[in-house]
**Student:** 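The structure that follows is given in the form of structure tokens.
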Amino acid sequence: MNTMVDKVQQKEKMTELMSKFVSLVSYKLPDDVEGKLKELSEEEDNRLAKIIYKTMFENQKLASELKRPSCQDTGVLQFFVKCGEDFPLIGQLDRILKDSVYKSTQETPLRHNSVETFDEYNPGMNVGDGSPSIFWEIEENSDKVEIYTYMAGGGCTLPGVATVLMPGEGYEGVVKFVLDRMTSYGINACPPLLVGVGVGTSVETAALNSKKALMRSVDSQNENENAAKMEKLLEDGINAIGLGPQGLKGSKSVMGVNVVNTARHPSTIGVAVNTGCWSHRRGKITFDSSLNYEISTHAGAEL
Ligand code: SF4
């Protein structure tokens, strides 16, 4: 009986903490993105681009002070979870994450972005059938849980694309696919962009990899030497388009290009591209089995 009471209390505690974390992610950009925007603004010599960066920083300052979302589109929530097999609330986590989105939607507040498909009904709760999206990995011999929380907006990473190339198209085909997308729909998201590229065996593995790529820090590099080389080549190529902040011209288009790759069938190369915008609202929180937490993306943040 006591164990059950304990579990209910722990569930309530984690829901409260996660709802506060979702709110934090909505109004405060992660440290790596803030740092990169500052760096890009200092390198920029286009006058209009400099003004736009200044406006972005003012926006960020006010969002933080007022604790209000830094962009009107608070997206749909996507969670990338790595859960230890011994984390005590593993069975309750789906419900905790859903409830935390609902709670944060009321308290922050967040825009109501979850519409039931075909019924075209918006319950106004930001949760729905299969929403928020939760992607799971289970870790052996661990009692912790790591949760990447991401606000995926309607202009940035929700309109991602994926395809499967024939093997003869090779990795040149991957580059062509990404550049074609960036030169046609890249501006759909507000630059400077974080471009996530996924490479795998099929559309769904490539698509998930491209989302995971957006969870990596803007300045990180793929551990595979060839994939890291592709990241650099794509970054240089997309920068050469000269989108600048908000797509109104400037010397840079991107904060970075991250590639995440997994093994493929010899006859296929799956590729996907997803773009994060300048207001790249993601955060990482880790809980131990007693629900002590650590936020690694927002230094000094407390819930
Ligand atoms: S692309 Fe990003 S900054 Fe632009 S409207 Fe969408 S969420 Fe906001």
Side-chain angles (χ1 to χ4, degrees), residues 22-38 40-41 44 48-64 66-80 101 104-105 108-115 122 126 131-133 148-161 178 181-197 210-211 213-218 238-239 241 243-250 252-258 272-283 297-298:
V22 170
S23 301
L24 170 74
V25 169
S26 80
Y27 63 75
K28 183 93 174 74
L29 292 181
D31 300 338
D32 63 316
V33 171
E34 278 193 349
K36 192 68 185 180
L37 289 173
K38 192 161 179 292
L40 291 177
S41 75
E44 190 57 75
L48 179 57
K50 276 195 167 299
I51 292 170
I52 293 168
Y53 276 120
K54 201 168 160 231
T55 311
M56 286 173 174
F57 298 138
E58 182 65 14
N59 172 291
Q60 281 310 302
K61 185 169 166 286
L62 288 172
S64 269
L66 300 170
K67 293 191 165 33
R68 288 289 179 268
S70 60
C71 174
Q72 42 76 37
D73 186 358
T74 49
V76 293
L77 267 296
Q78 302 197 314
F79 296 102
F80 299 84
V101 171
S104 177
T105 298
T108 312
L110 305 177
R111 202 170 82 179
H112 305 158
N113 281 337
S114 187
V115 178
N122 188 335
N126 247 345
S131 176
S133 315
Y148 272 105
T149 296
Y150 178 47
M151 292 192 165
C156 46
T157 68
L158 293 177
V161 282
V178 175
R181 180 69 183 176
M182 296 314 299
T183 50
S184 52
Y185 293 102
I187 200 70
N188 205 38
C190 301
L193 309 168
L194 176 60
V195 181
V197 178
S210 70
K211 271 287 162 68
L214 295 177
M215 300 305 110
R216 268 179 40 203
S217 165
V218 294
I238 302 167
N239 273 335
I241 307 168
L243 295 176
Q246 293 293 4
L248 293 170
K249 285 196 178 171
K252 298 279 169 63
S253 310
V254 296
M255 295 190 281
V257 177
N258 291 347
V273 59
N274 259 299
T275 47
C277 61
W278 75 269
S279 185
H280 189 55
R281 286 156 295 172
R282 65 140 148 67
T297 43
H298 297 67

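Since the structure is predicted, the reported quantities are computational estimates derived from the model, not experimental observations. Atoms within each ligand, like the ligands themselves, are counted from 1 in listed order.
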**Student:** Can you tell whether the side chains of Asp32 and Arg282 come within less than 4.0 Å, N to carboxylate O?
**Tutor:** yes
**Student:** If we ignore hydrogens and angles and just use 3.5 Å, is the side chain of His112 paired with the main-chain N or O of Thr105 as donor and acceptor?
**Tutor:**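 No: the side chain of His112 does not pair with the backbone of Thr105.
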**Student:** Any non-hydrogen atom of Arg281 lying under 4.0 Å from ligand 1?
**Tutor:**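 A heavy atom of Arg281 does come that close to ligand 1.
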**Student:** Please determine whether side chain to side chain contact (heavy atoms under 4.5 Å, CB included) holds for the pair Thr108 and Lys67, giving the CA-CA distance in whole Å, both sets of side-chain angles, and the decisive distance to 0.1 Å.
**Tutor:** CA-CA 7 Å; Thr108 312; Lys67 293 191 165 33; over 6 Å; no
**Student:** Any idea which atoms of ligand 1 are less than 4.0 Å away from a heavy-atom of Gln72?
**Tutor:**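 In order of number, 5 (S).
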**Student:** Run the numbers on Thr149 and Gln78 for side chain to side chain contact (heavy atoms under 4.5 Å, CB included), then give the verdict.
**Tutor:** CA-CA 6 Å; Thr149 296; Gln78 302 197 314; over 6 Å; no
**Student:** Quick check on atom 4 (Fe) of ligand 1: does Cys190 put an N/O/S atom closer than 2.8 Å to it?
**Tutor:**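 Coordinating: yes.
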**Student:** For Asn274 and Thr157, run side-chain hydrogen bond (donor to acceptor under 3.5 Å, both in side chains): C-alpha distance rounded to whole Å, both residues' side-chain angles, the deciding distance at 0.1 Å, then the answer.
**Tutor:** CA-CA 5 Å; Asn274 259 299; Thr157 68; 4.6 Å; no
**Student:** Which ligand 1 atoms, with their elements, are less than 4.0 angstrom from a heavy-atom of Trp278?
**Tutor:**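 Those atoms are 3 (S).
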**Student:** Give the residue, atom name and distance (to 0.1 Å) of the protein heavy atom nearest atom 8 (Fe) of ligand 1.
**Tutor:**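 For this ligand atom, the closest protein heavy atom is Cys71 SG, 2.2 Å.
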**Student:** For His280, is the nearest heavy atom under 4.0 Å from an atom of ligand 1?
**Tutor:**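 It does not; every heavy atom stays at 4.0 Å or beyond.
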**Student:** Nearest 0.5 Å, please: how far is SG in Cys71 from CG in Asn59?
**Tutor:**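 It comes to 8.0 Å.
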**Student:** Please confirm if an N, O or S atom belonging to Cys277, backbone or side chain, lies less than 2.8 Å from atom 8 (Fe) of ligand 1.
**Tutor:**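 No, since none of the N, O or S atoms of Cys277 sits under 2.8 Å from atom 8 (Fe) of ligand 1.
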